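Contents: one structure, followed by commentary.
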There are 2 protein chains.
Amino acid sequence: MSPRRSAAEAAGTRTAIVERAVEVASTQGLEGLTIGRLAADMRMSKAGVIGHFGTKERLQLAAVQAALDIYRREVWEPAAGAQPGLQRLRAVCDAWISYFERDVFPGGCFLTAASCEFDDREGPVRDLVASTMRGWLKTLAREVRTAVERGELPADTDPAQVAFELNAIAMGANQQIRLFHDRDGLERARRAMGRGLGGDY
Amino acid sequence: MSPRRSAAEAAGTRTAIVERAVEVASTQGLEGLTIGRLAADMRMSKAGVIGHFGTKERLQLAAVQAALDIYRREVWEPAAGAQPGLQRLRAVCDAWISYFERDVFPGGCFLTAASCEFDDREGPVRDLVASTMRGWLKTLAREVRTAVERGELPADTDPAQVAFELNAIAMGANQQIRLFHDRDGLERARRAMGRGLGGDY
DNA sequence: CCTACCGATCGGTAGG
DNA sequence: CCTACCGATCGGTAGG
């Protein structure tokens, strides 16, 4: 029925598979993601799906990478144009809240879910999730440092501490929304983030 | 080889199975928990294991209940004797940090993991996890309210907001420890909780 | 990209 | 509490 495709067509198919994989994994987890189910969703054979990746682990890695791209586009880029320091930090928080508000992933924050799922394992998936999360915390801390240097935050502010707190609040908001279906968690997160960024947020 | 046991022996076996199930689920997740693996760990047959519960779902529910008991014993009870209000709140936070410090569950906070795993599903397991989490947040909020009434926290303090923030910080600490193997997360959490409880913590 | 197949494991049951 | 078994599904491969 479906003959071999051109390289361009194959790349498009691969992209479509990864997109679906991200959606499924955000609700079912990266292990709950199965090749058989993905094949059914894509109306392909299992061999057709796995042929693009080789192993399930490489499919999982591709899904994490794709989720990271979405994260960058939805949370970082909307704030990238703001002035470095406190203004950009506030823009990031706004984009972050908005990202939760718009349910960018059908199953909530992909990275939080992947972190919880893989935090006790070993291997490349865990390593990628950890380094991605670490990179995000460093990005936040760098922005806090800039804000301190600019005199926008108190001189004794600990950038890594603020980054930790902002990220924890985001995880808390994700839980309120997903586990309790409580959208008020967004307003709670906004207030909590504001307290961490000088109170006049 | 192993004949039928007395009711007391059967209850002991069941307790031992649930204990092991909690350990496995804290690292592998409640779905990653399989009857076959549990049977091998217990040196029993699969039928012997599942006979105590009927279905995997009821085994999962038993594991969540058992985890809740551990939570109560490790985090709540050490603080229950403290004076209601800010003192008890601080005692709870100390016990909470200590619970992370001592790695009470081999795979980190059971409830955080269960929340991430089931927050997009439906059914009794999700409902039990959600109501347990809700109960914990209410317990925290009640204590904050008492502290406000006693004049130990500012009158305009929002108890539910403080409960949300304390819980979010705990999730952040859990991530630092499990995903990054960074024990400094405990000190970060201590400082962050202190800021939420009046700064002079 | 397909069909056809592999061994392993899943949750669960029958019957003792 | 066991043995023996069920159908379903898992990740993955061979060969085209």
Side-chain angles (χ1 to χ4, degrees), chain A residues 1-22 24-25 27-64 117-118 121-126, chain B residues 1-22 24-25 27-64 117-118 121-126:
Chain A
M1 240 183 43
S2 302
R4 277 201 178 76
R5 306 283 171 81
S6 72
E9 284 171 325
T13 302
R14 198 194 127 107
T15 301
I17 294 170
V18 172
E19 268 173 27
R20 181 65 191 146
V22 168
V24 174
T27 62
Q28 311 290 317
L30 280 162
E31 283 302 334
L33 180 66
T34 73
I35 297 161
R37 158 148 195 204
L38 207 46
D41 289 356
M42 304 297 298
R43 283 169 231 274
M44 289 172 62
S45 66
K46 289 201 302 171
V49 169
I50 201 64
H52 285 280
F53 307 94
T55 64
K56 177 172 174 176
E57 188 173 73
R58 284 212 281 272
L59 165 63
Q60 291 174 323
L61 288 167
V64 176
E117 191 177 1
F118 279 82
R121 305 189 192 192
E122 295 191 343
V125 178
R126 178 225 155 80
Chain B
M1 239 179 42
S2 303
R4 276 202 179 76
R5 306 283 171 82
S6 71
E9 283 170 327
T13 302
R14 197 194 127 108
T15 301
I17 295 171
V18 173
E19 267 173 28
R20 181 65 190 146
V22 168
V24 174
T27 63
Q28 310 289 317
L30 280 162
E31 284 301 335
L33 179 68
T34 72
I35 296 161
R37 156 143 199 208
L38 207 46
D41 288 355
M42 304 297 299
R43 287 168 227 273
M44 289 171 62
S45 66
K46 290 201 302 171
V49 169
I50 200 65
H52 284 280
F53 307 94
T55 65
K56 176 172 175 176
E57 189 173 73
R58 283 210 283 270
L59 165 63
Q60 292 173 323
L61 289 167
V64 176
E117 190 177 2
F118 279 83
R121 307 190 191 191
E122 295 190 343
V125 178
R126 176 226 156 77

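What you are looking at is a predicted structure, and each value in this text was computed from that prediction instead of being measured. Chain identifiers are assigned alphabetically (A, B, ...) following the order of the sequence lines, protein sequences preceding nucleic acid strands; residue numbering begins at 1 within each chain.
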Using 0.5 Å steps for rounding, measure from the [atom1] atom of [X] to the [atom2] atom of [Y].
X        : Y        : atom1 : atom2 : result
Leu33(B) : Lys56(B) : CG    : NZ    : 6.0 Å
Ile35(B) : Thr55(B) : CD1   : OG1   : 8.0 Å
His52(B) : Thr13(B) : NE2   : OG1   : 5.0 Å

For Leu59(A) and Ala21(A) the tightest heavy-atom approach is CD1-CB, 4.0 Å
- Task: For residues Asp41(A) and Arg20(A), report the shortest heavy-atom separation together with the two atoms involved.
- Result: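 Where Asp41(A) meets Arg20(A) most closely, the heavy atoms are OD2-NE, 2.9 Å.
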Subject >> Any N/O donor-acceptor pair, Lys56(A) side-chain to dG12(D) base, under 3.5 Å >> reply: no
Below 4.5 Å, heavy atoms only, C-beta onward: do [X] and [Y] meet side chain to side chain?
X        : Y        : answer
Ile50(A) : Lys46(A) : no
Glu31(A) : Glu31(B) : no
Glu19(B) : Met42(B) : no
Phe53(A) : Ile17(A) : yes

Between [N] ([atom2]) and [X] ([atom1]): distance, integer Å:
X        : N       : atom1 : atom2 : value
His52(B) : dG11(C) : NE2   : P     : 17 Å
Leu59(B) : dC10(C) : CG    : P     : 13 Å
Ile50(A) : dG12(D) : CD1   : P     : 5 Å
Lys46(B) : dT3(D)  : NZ    : P     : 13 Å
Glu57(A) : dG11(D) : CD    : C1'   : 12 Å
Leu38(A) : dT9(D)  : CG    : C1'   : 15 Å
Met44(A) : dC1(C)  : CE    : P     : 4 Å

For DNA chain C, determine which residues of residues 28-37 of chain A have any heavy atom closer than 4.0 angstrom to one of its atoms, and list them numerically.
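Those residues whose heavy atoms fall under 4.0 Å from DNA chain C, taken from residues 28-37 of chain A, amount to none.
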Exercise. Does dC1(C) have OP1 or OP2 sitting under 4.0 Å from an N or O in the side chain of Thr13(A)?
Worked result: yes
**Message:** Identify the stems formed by DNA chain C, where each pair is Watson-Crick or G-U wobble with both distances under 3.5 angstrom and a stem is at least 3 consecutive pairs.
**Reply:**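 As far as DNA chain C goes, consecutive pairing (with distances under 3.5 Å) yields the stems C:1-16 with D:1-16.
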| said: Looking only at the side chain of Ala47(B) (C-beta and beyond, no hydrogens), which of the listed nucleotides dG12(C), dC10(D), dT3(D) gets closest? | reply: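 Of the options given, the side chain of Ala47(B) lies nearest dT3(D).
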